[in-house]
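In this text the structure is predicted, and so the values were computed from the model without any measurement.
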Amino acid sequence: MNAPAESRAPGFVIRTLRAGEWQAYRAIRLHALADAPDAFGSTLAREEALAADTWAARVAKSVVSGIDYPLVAEAGGEFAGLAWAKVDADDAGIVNLFQMWVAPQWRAQGVAGALLQQAIGWAGARGARALQLGVNCANGAAVSLYARAGFVAVGAPYPMREGTALMEQTMRLELARKS
């Protein structure tokens with residue numbers, strides 16, 4: 001089970017998603033997909049079509065899985081951003097970061113950096129060798145954020161998903177391991 005995490009910064013709190021918050025999570029996930037349809041591996045139409053019990057199960061399972069770390073930025077009682085870290089299915093020494101998004105009114109206020117630092121801390125505390133993610137090559141702000149945090153490009157860019165010309169780049173942060 002994931003221990004609840006919380007960090008505070010001026011105007012917002014970064015914390016783990018709670019099991020009963022599937023409706024709020026669904027709302028921010030759909031908002032993220034509507035705002036940045038080219039930033040994620042899924043589509044708004046695909047996610048909108050999911051049944052309520054699918055959303056509820058996704059969130060409930062993540063809270064107790066021990067391999068998921070769903071984070072939200074909360075400001076004024078509403079979600080201002082999200083990020084999801086998960087231990088890689090094929091290599092427990094790697095944590096993948098995905099669904100990173102910040103609401104437009106909260107951009108450039110430290111929310112993305114705080115979400116990222118919380119995920120890095122969790123991955124490091126687990127003893128992971130690396131944290132990795134895929135980023136839309138055209139999203140200069142995201143690429144810069146990850147580069148400032150120490151992520152480096154790995155391999156060649158690849159198509160984001162079938163039917164699009166957009167390219168994604170894997171970026172990786174090597175983590176210090178405790179001996």
Side-chain angles (χ1 to χ4, degrees), residues 1-37 39-42 44 47 50 52 54-88 94-128 130-136 139-151 171 173 175-176 178:
M1 182 173 181
N2 292 327
E6 185 174 298
S7 66
R8 295 187 177 277
F12 63 91
V13 174
I14 305 297
R15 65 172 178 80
T16 52
L17 190 62
R18 298 179 190 117
E21 294 180 317
W22 70 267
Q23 290 172 308
Y25 167 71
R26 179 185 186 274
I28 194 168
R29 175 78 171 137
L30 295 179
H31 187 189
L33 286 162
D35 175 63
F40 303 102
S42 189
L44 179 60
E47 298 283 314
L50 295 175
T54 301
W55 286 96
R58 178 188 290 178
V59 172
K61 179 182 175 188
S62 73
V63 171
V64 297
S65 74
I67 61 169
D68 289 278
Y69 194 60
L71 293 168
V72 292
E74 188 174 43
E78 294 187 8
F79 290 167
L82 72 153
W84 199 299
K86 185 173 188 155
V87 175
D88 190 86
I94 297 174
V95 170
N96 296 300
L97 183 64
F98 54 99
Q99 294 187 31
M100 180 89 163
W101 179 81
V102 174
Q105 67 272 25
W106 282 96
R107 292 179 186 155
Q109 296 186 50
V111 175
L115 284 164
L116 184 58
Q117 289 306 311
Q118 192 77 21
I120 291 169
W122 180 76
R126 293 188 58 80
L131 180 65
Q132 67 185 18
L133 53 87
V135 61
N136 180 337
N139 187 342
V143 172
S144 293
L145 170 72
Y146 301 134
R148 283 191 310 272
F151 285 79
M171 295 186 79
L173 175 68
L175 301 170
K178 297 175 186 169

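Classified by interplanar angle (parallel below 30°, tilted 30° to 60°, perpendicular above 60°), the ring pair W106/F12 is perpendicular.
Residues satisfying the side-chain hydrogen bond (donor to acceptor under 3.5 Å, both in side chains) criterion with T54, sequence neighbours excluded, are absent altogether. Remark: N96 engages D88, Q132 in a side-chain hydrogen bond (donor to acceptor under 3.5 Å, both in side chains) (not counting sequence neighbours). For W55, there are no side-chain hydrogen bond (donor to acceptor under 3.5 Å, both in side chains) partners, not counting sequence neighbours.
P37 approaches A34 most closely through the heavy-atom pair CD-O, 3.6 Å. Of all heavy-atom pairs between L33 and S42, the closest is CD2-O, 3.7 Å. What you find for A149 and I120 is that their closest heavy atoms are CB-CD1, 4.4 Å. Across every non-hydrogen atom of A112 and M100, the tightest pair is O-CE, 3.1 Å.
Pairs of residues two or more places apart, or lying in two chains, that qualify as side-chain hydrogen bond (donor to acceptor under 3.5 Å, both in side chains) and include a residue from residues 22-35 are Y25-Q99, D35-W101, D35-R107. The side-chain hydrogen bond (donor to acceptor under 3.5 Å, both in side chains) analysis of residues 141-151, with sequence neighbours excluded, yields no pairs. Residue pairs meeting the salt bridge (charged side-chain N to carboxylate O under 4.0 Å, His left out) criterion with at least one partner in residues 74-85, sequence neighbours excluded, are R15-E74.
Annotation: side chain of F79 is in contact with side chain of E21 (closest heavy-atom distance under 4.5 Å). For the pair I14/Q117, no side-chain contact is recorded, criterion being any heavy-atom separation below 4.5 Å from C-beta on.
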